[in-house]
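Below: the structure, in structure tokens.
Here the structure is a predicted model, which is why all the values come from computation and not from measurement. Just follow the structure's listing: the first ligand is 1, and inside any ligand the first atom is 1.
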Amino acid sequence: MVKIDILTLFPEMFDGVLNSSILGKAQEKGIVQFQVINFRDYSESKHGTVDDTPYGGGGGMVLKPEPIFRAVEAVAGDAKPRVILMCPQGRPYDQKMAEELAGEEHLVFICGHYEGYDERIRQYLVTDEISIGDYVLTGGELAAMVVIDSVVRLQPGALGNQSSAEKDSFTTGLLEYPHYTRPAEFRGWKVPDILLSGHHANIERWRLKESLRRTRERRPDLLEKGELPDEWKALLAELEEEEKNSGSESE
Ligand SMILES: C[S@@+](CC[C@H](N)C(=O)[O-])C[C@H]1O[C@@H](n2cnc3c(N)ncnc32)[C@H](O)[C@@H]1O
């Protein structure tokens, strides 16, 4: 079982996401245990103050170190969990990191709000800083939900059909191939014949080729990450040849 503690000033934001669909079922199955903690409860002031104005002046409020340190220490106990700070300056999040975090037993997420955090939280408390993209959100809650969702779905038994995670985009290093379901013809648009052929090996080859086609068109950077398997190289050469031929036909 993986233990996930979330420190936030807005615990109610997590109710729907953690208790619905696959995350809700993963809790019921005992695959994951969530604890959502309002770090205002760890404030040392009687008014529950968690932020203050920045030293040196300027706008915005800064989250104070004491409540966040105390809350993390309370949930960590003697254990040494990964303590993850959600922030736009962090490491860009990707599937590889989701896989890395999915192997941990205990994760603690800190969701910021307002202008920022006291720098000592970054320096002396957290083990990782994660950004979910080059844009700025009002708070770390949505970002933490994105990371938590992607980590929990990788836990063994979390998805009904495990093979659907294995073939997902990025897991294989490629974008996923196109899917079709019934009807075989819809408004005159037909499902590719090969998918109706029942020929398993040909279908697998078609899927790999379509994955490569899609990745080459939309995310060519994914194909530049090292030596490609021979089968991929052969299919990419086929795609290039087909493109050349269709180009010369239209001339
Ligand atoms: C308004 S933002 C603070 C931005 C900060 N002043 C800066 O420029 O880096 C408030 C909080 O939202 C969260 N946040 C915003 N954008 C994020 C992103 N792209 N990825 C992860 N967390 C983000 C962080 O927890 C952050 O502390």
For [X], counting its heavy atoms only, list the atoms of ligand 1 lying under 4.0 Å from any of them.
| X | answer |
| --- | --- |
| Ile130 | 21 (C) |
| Tyr135 | 16 (N), 18 (C), 19 (N) |
| Gly133 | 19 (N) |
| Tyr114 | 1 (C), 2 (S), 3 (C), 10 (C) |
| Ala143 | 21 (C), 22 (N) |

Would Leu85 and Ile121 count as a side-chain contact (heavy atoms from CB on, under 4.5 Å) if you check the C-alpha gap in whole Å, the side-chain angles of each, and the deciding distance to 0.1 Å?
-> CA-CA 9 Å; Leu85 189 72; Ile121 295 171; 4.2 Å; yes
Pick out which of Glu231, Glu242, Glu204 makes a salt bridge (charged side-chain N to carboxylate O under 4.0 Å, His left out) with Lys209.
-> Glu242
Which residue and atom name correspond to the protein heavy atom nearest [atom], and how close is it?
| atom | answer |
| --- | --- |
| atom 6 (N) of ligand 1 | Glu115 O, 2.6 Å |
| atom 1 (C) of ligand 1 | Leu137 O, 3.2 Å |
| atom 22 (N) of ligand 1 | Cys87 N, 3.4 Å |
| atom 24 (C) of ligand 1 | Met86 O, 3.1 Å |

Heavy-atom contact under 4.0 Å between Tyr93 and ligand 1?
-> no
Check whether any heavy atom of Ser131 sits under 4.0 Å from an atom of ligand 1.
-> yes
Considering non-hydrogen atoms only, spot the tightest contact between Leu175 and Thr215 and give its length.
-> N-OG1, 2.9 Å
Region of Leu85 that comes within reach of ligand 1 [heavy atoms, distance under 4.0 Å] | neither
Of the options Met86, Glu141, Met145, which is the one that meets Phe109 in a side chain to side chain contact (heavy atoms under 4.5 Å, CB included)?
-> Met86
Would you check the N or O atoms of Ile132, main chain and side chain alike, for any that come under 3.5 Å of an N or O of ligand 1?
-> yes
Glu66/Arg120 salt bridge by N-O under 4.0 Å criterion = no
Strictly by modelled atom types, are Asp5 and His106 linked by a side-chain donor-acceptor pair under 3.5 Å?
-> yes
Identity of the nearest option to atom 11 (C) of ligand 1, non-hydrogen atoms only, from Gly90, Pro88, Gly116, Gly112 = Gly112
Can you check whether His47's main-chain N or O pairs, donor with acceptor, with Ser45's side chain at less than 3.5 Å?
-> yes
Quick check: does any side chain N or O of Arg40 sit under 3.5 Å from a backbone N or O of Gly48, one acting as donor and the other as acceptor?
-> yes
Give the cluster check for Phe14 versus Ile31: same hydrophobic cluster or not, with ILVMFWY residues linked at side-chain heavy-atom distances below 4.5 Å.
-> no
ILVMFWY network linking Leu7 to Val62, side-chain heavy atoms under 4.5 angstrom = no
Atom 8 (O) of ligand 1 touched by protein (heavy atom, under 4.0 Å) = no
